[in-house]
Amino acid sequence: MEDNSKKLGIRRITRDFPPAHYLFKVESFSLLDKTGVEKYESDVFEAADHKWRLSLHPNGDNKSNGSGFISLYLVIDETENLPLTWEVNVSFRLFVLDQIRDKYLTIEDDDGAVKRFHWMKTEWGFAQLVSLDSFNDTSNGYLVGDCCIFGAEVFLMERNCKWECLSMIKEPEDNIIIFKMENFSRLDKKYYESAIHTIGDSKWKLTVYPRGNVKFKGKALSVFLELVEAEKLPPKRKVYAEYKLRVRNQINENHMEFTVERWFNATSVNWGYPQFMTLKVLHDASKGFILYDSLIVEAEITLISKVKRFS
């Protein structure tokens, strides 16, 4: 009988360790065969938090191309108390004992596929478990003294999947932070922060140093965009933003503007320009950046990453 294992995606290997959950011994197999029974179902056994049976077709399951083979199936049982939309996902193996060598022929899907049992599909298995020629050949050890032993092990695959969706959002809604700094000439703190603004699913704010930061102190206006509460991000999580930092020209449209592309994370929470513009240019009344003692600083986020998590 031709071995169609590869065509059917079935893997057959031998192992010493017996099945973890159930053994099913048939004595006087030839007499069972002569009864003409199409299939015989074992008693119920418990594995993976559910009840199961083995369904043995001693002459093969002809309806599923099992002629000339032993067919063996795993059948879920006692499902009447399960919810109407029940489903059970398991990985399982079926076995035939080689009684001469004390080894178990192990039969499973070649790709280790998880099988979904539900009200419309209550059994899975192998129509071509082992050919009858091979099974009846006593040198193989499957049928010894007219006795054979089958087995099963069943492992529950709990569907507890979580997944996430990363989106790159172009021109997100409400994407401009406007920070109007009034009475600018009288501001005496080292830096000032805008109100927090939510864009995408992240919170942002502007930080402005009116007289410069670090080595540009007293020389330039420093402007930064900060990802608020970055320390609360999950480990390794990053947030991408493409944005424009802008100081508005309040006389005409000749704004001072720079574009930034940046990944933010828990250790890199802000990014901008310590030398955004010189204080000389900033305070030049003809340039129009300060009008009526007010300065307007903006951040416009044009592209941002957003992560959604689902259970």
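Side chains are part of it too, since the values below use all heavy atoms of this structure and drop only hydrogens, waters and symmetry mates.
Leu303 has its side chain within reach of Tyr240: a pair of non-hydrogen atoms, C-beta onward, lies under 4.5 Å apart. Side-chain contact check for Gln250 versus Ile296: some heavy-atom pair is nearer than 4.5 Å. In this structure, Phe276 and Leu282 have side chains that are not in contact, with every pair of non-hydrogen atoms separated by 4.5 Å or more.
Distance alone, capped at 3.5 Å, places no donor-acceptor pair between the Asn249 side chain and the Phe289 backbone. Side-chain atoms of Ser167 never come within 3.5 Å of backbone atoms of Ile169 as a donor-acceptor pair (strictly under, hydrogens ignored). In this structure a side-chain-to-backbone donor-acceptor pair under 3.5 Å is missing from Glu226 to Leu206.
For Arg211 against Leu187, the heavy-atom pair with the smallest separation is NH1-O, 2.7 Å. Closest approach of Leu74 and Trp52 over heavy atoms only: CG-CE3, 3.7 Å.
If you check the side chains of Tyr191 and Glu193, you find no donor sitting under 3.5 Å from an acceptor. For the residue pair Asn140/Asp98, the side-chain donor-acceptor check at 3.5 Å is not satisfied.
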Quiz prompt | side chain to side chain contact (heavy atoms under 4.5 Å, CB included) evaluation trace for Phe184 with Ser294 | solution = CA-CA 6 Å; Phe184 189 76; Ser294 293; over 6 Å; no
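Taking the ring centroids of His21 and Phe155, they lie under the 6.0 Å cut-off. For Phe135 and Phe29, the ring centers are positioned less than 6.0 Å apart.
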